Amino acid sequence: MTAFILRRLVQSVLVMLVVALISFALFRFVGDPVASLMGQEATAADRDALRARLGLDQPFWMQFIDYIGRVLRGDFGISYRLQQPVAELILQRLPATLELALVSGIAAFVLGVALGVYTALNRRGWLSNAIMTVSLIGVSLPTFLIGVLLIWVFAVELQWLPSFGRGEVVQIGGWRTGFLTESGRVALILPAITLGLYQLTLIMRLVRAEMLEVLRTDYIKFARARGLSNRAIHFGHALKNTLVPVITITGLQLGSIIAFAIITETVFQWPGVGAFFINAVRFVDVPVMAAYLMLIALIFVVINLIVDLLYYVVDPRLRVDRGAARH
Amino acid sequence: MSEPLLSVRDLVVEFPTRRGTLRALDRVSFDIAEGEVLGMVGESGAGKSITGSAIIGLIDRPGRIAGGEIRLRGERIDNIPEDRMRSIRGRRIGMVFQDPLTSLNPLYTVAEQLIETIRTHLGLSEREARERAVALLDQVGIPAARRRIDDYPHHFSGGMRQRVVIALALAAEPELVIADEPTTALDVSVQAQIIDVLRDICADRGAAVMLITHDMGVIAETADRVAVLYAGRVAEIGPVRDVIQAAEHPYTAGLMGSIPTLTQTAERLTQIPGAMPRLDAIPQGCAFNPRCPQVMPRCRTERPDLLARGQGRQVACWLHAREGVGDV
Ligand SMILES: Nc1ncnc2c1ncn2[C@@H]1O[C@H](COP(=O)(O)OP(=O)(O)OP(=O)(O)O)[C@@H](O)[C@H]1O
Ligand SMILES: [Mg+2]
């Protein structure tokens with residue numbers, strides 16, 4: 001078990017190093033940081049002085065090691081556009097993104113599993129067929145279109161829900177939350193649906209397929225032959241086995257929810273890191289782009305790690321055995 | 001003979017398909033007496049497993065029982081509501097499937113699966129059920145049962161797993177155990193042990209066994225009576241010794257003509273030329289007639305009924321019909 005965790009940790013660190021290299025290369029070679037920082041009218045001498053101050057006259061590897069050192073201390077440089085530390089800017093916006101991703105992720109998982117199980121158990125029912133048909137739309141419509149449609153129906157036509165922003169937020173320490181106010185919770189609804197719909201349908205279809213597969217296995221037949229109740233068979237034996245493969249996919253989906261938040265945040269003018277990143281791209285604010293890249297990579301790596309551990313907890317076959325099969 | 005424990009009469013099982021209805025079982029009849037071991041043999045596809053599934057009410061959809069009746073101690077069980085059938089499964093009829101590697105849920109410990117089964121049928125507390133589970137594992141010959149019980153299935157070898165499966169099937173003291181090829185997935189060296197465990201533990205509890213197998217050797221050693229199935233029909237039933245020594249149905253004779261060892265399987269034994277017909281191409285008359293060395297004109301047009309021949313023997317063959325061609 002510890003060897004397994006250690007191995008996965010080393011792999012994660014390697015992945016992060018590669019991403020850091022890419023993000024550093026981006027930082028270093030996309031645009032000229034000196035030009036970005038000084039503007040047009042600076043003299044050549046000024047430029048050289050700044051170049052030396054930023055360490056840009058050092059060899060590439062020295063600069064990279066330097067960069068990693070700074071990143072580890074949480075120093076991602078200064079935003080060209082806003083002239084503030086990037087780390088600070090991102091940390092301010094992270095809660096908005098995380099709250100949105102968490103709500104849509106949990107909703108997608110819970111509803112996805114519930115609907116997947118329902119449609120698997122009532123395979124021929126009309127409601128199942130209806131759900132499956134609607135889910136096809138969920139998979140095939142692009143996220144921004146879903147967002148725009150939702151805004152049109154619920155914000156413009158019905159005027160039930162706000163179409164942009166986070167509503168009122170409450171500051172708790174360094175965390176700015178929208179959960180605690182009515183307007184904050186209401187503002188979450190449309191963006192969360194937009195962001196989670198695709199994952200929901202994906203999880204639902206996966207759970208359904210997996211569950212149908214499991215229901216055909218010998219151990220389910222044997223469980224029936226032992227006279228166990230349908231409840232025990234469906235929600236005990238079958239569901240648990242269904243969830244084993246679902247966990248991996250779902251975990252990775254959470255990562256992509258955070259990454260895809262870019263589109264949703266832009267559509268709903270949600271003040272999170274995704275929208276911030278889009279703005280950074282527009283202004284070629286390279287330090288922000290590089291830091292965002294690292295952040296997303298870190299999130300993926302951490303989620304991956306957690307998923308692996310979860311897998312381990314759920315499936316006894318993966319646990320370190322006291323010897324293999326014994327007689 | 002008093003009332004049989006299980007009585008199957010004219011059982012018909014059909015699978016509707018796009019190209020017509022397939023008849024997997026066609027008027028199958030047999031009895032199992034209390035405490036008796038009935039062997040069931042036949043080539044692959046003869047309908048042995050379907051018979052077992054029909055008795056326990058678990059035929060895969062869209063298959064269905066299309067006729068006949070199944071009685072357990074005289075009570076119909078083929079047309080009762082699902083929840084009543086559920087209280088019979090495991091409690092009165094236990095089932096052991098072919099492959100112990102896939103019969104156990106990999107995510108639950110042996111204890112969890114046993115205790116769940118025991119508590120479903122018997123009103124025991126968790127602790128009592130656990131004690132019972134340990135005792136069961138002990139009886140099926142799992143060493144250090146108390147220590148091993150909390151292991152997961154993958155911790156056990158194939159033979160040990162099949163013992164666990166047997167313990168599960170017997171957890172609620174069923175009167176009848178249907179064992180569908182309980183040893184085919186196991187090493188030859190383990191097969192005999194498993195059959196012994198099954199036979200002994202059932203004999204101990206007075207449970208009857210329907211033993212489905214390809215292996216005539218196993219039947220010869222274990223069963224009291226044997227039923228021979230061919231293309232979804234019963235060809236012959238009788239006490240094992242008699243049937244082996246003097247088969248009456250030419251198909252049985254072909255099967256028995258070659259029992260040589262314990263280990264050979266029926267497919268390899270079959271010395272009868274040709275193959276069993278597919279379900280959608282069962283010939284008119286006797287299903288065996290195209291392969292029968294003693295075929296008569298009548299065999300091609302009329303299906304022979306299963307007739308009693310005395311001494312508990314029954315055969316479905318025109319050679320032995322009362323008004324048949326007199327070379328009996
Ligand atoms: N789900 C199904 N749909 C259609 N036909 C089926 C289905 N299940 C079984 N059958 C048919 O029923 C017949 C009997 O099958 P069964 O499994 O009882 O054979 P068996 O005697 O147990 O053979 P084996 O020795 O290979 O286990 C076979 O011809 C098979 O093709
Ligand atoms: Mg079979």
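Every chain is numbered from 1, with letters handed out A, B, ... down the list of sequences. Note that this is a predicted model, so its numbers are computed, not measured.
The side-chain heavy atoms of Pro106(B) and Asn241(A), taken from C-beta on, include a pair separated by under 4.5 Å. Between Tyr219(A) and Pro153(B), the closest side-chain pair of non-hydrogen atoms is not below 4.5 Å. Residues Leu168(B) and Arg226(A) meet the side-chain proximity criterion, which asks for heavy atoms closer than 4.5 Å. Contact of the Thr217(A) side chain with the Thr102(B) side chain is not registered, since no non-hydrogen atoms from C-beta on lie closer than 4.5 Å. Inter-residue side-chain proximity for Asn105(B) and Lys240(A) is flagged as unmet; no heavy-atom pair is nearer than 4.5 Å.
Heavy atoms of Gln113(B) lying under 4.5 Å from chain A belong to its backbone as well as its side chain. Neither the backbone nor the side chain of Thr109(B) comes within contact range of chain A; no heavy atom of the residue lies under 4.5 Å from a heavy atom of that chain. Heavy atoms of Ile88(B) lying under 4.5 Å from chain A are absent altogether. Proximity to chain A (any heavy atom under 4.5 Å) is shown, for Glu82(B), by neither the backbone nor the side chain. When heavy atoms are compared at a cutoff of 4.5 Å, Ile56(B) approaches chain A solely by way of its side chain, counted from C-beta outward. Heavy-atom distances place both the backbone and the side chain of Ser103(B) under 4.5 Å from chain A. Proximity to chain B (any heavy atom under 4.5 Å) is shown, for Val214(A), by neither the backbone nor the side chain.
Within a 6.0 Å sphere centred on CZ of Phe300(A), heavy atoms belonging to other residues, nucleotides or ligands number more than 12. The number of heavy-atom neighbours closer than 6.0 Å to CD of Gln11(A), taken from other residues, nucleotides and ligands shown, is above 12. Surrounding CZ of Arg146(B) are at most 12 heavy atoms belonging to other residues, nucleotides or ligands under 6.0 Å away.
For the pair Ala232(A) and Glu116(B), the tightest heavy-atom approach, listed with the atom from each and the gap, is CB-OE2, 3.4 Å. Residues Ser53(B) and Lys221(A) approach most closely at OG-NZ, 3.6 Å, considering heavy atoms. Across all non-hydrogen atoms, the minimal contact from Gly227(A) to Thr120(B) is O-CG2, 3.5 Å. Taking all atoms of both residues into account, the shortest heavy-atom contact from Phe222(A) to Met95(B) is CE1-O, 3.0 Å.
Here the straight-line distance linking atom CD1 of Ile233(A) with atom CZ of Arg86(B) works out to 7.5 Å at 0.5 Å rounding.
Most heavy-atom pairs under 4.5 Å with chain A, from the set Val165(B), Asp83(B), Ile142(B), Leu101(B): that is Val165(B). In terms of heavy-atom pairs under 4.5 angstrom with chain A, the leader among Gly90(B), Gly159(B), Gly94(B), Ala169(B) is Gly90(B).
Ring orientation note: the planes of Tyr108(B) and His237(A) are tilted relative to one another, at an angle of 30° to 60°.
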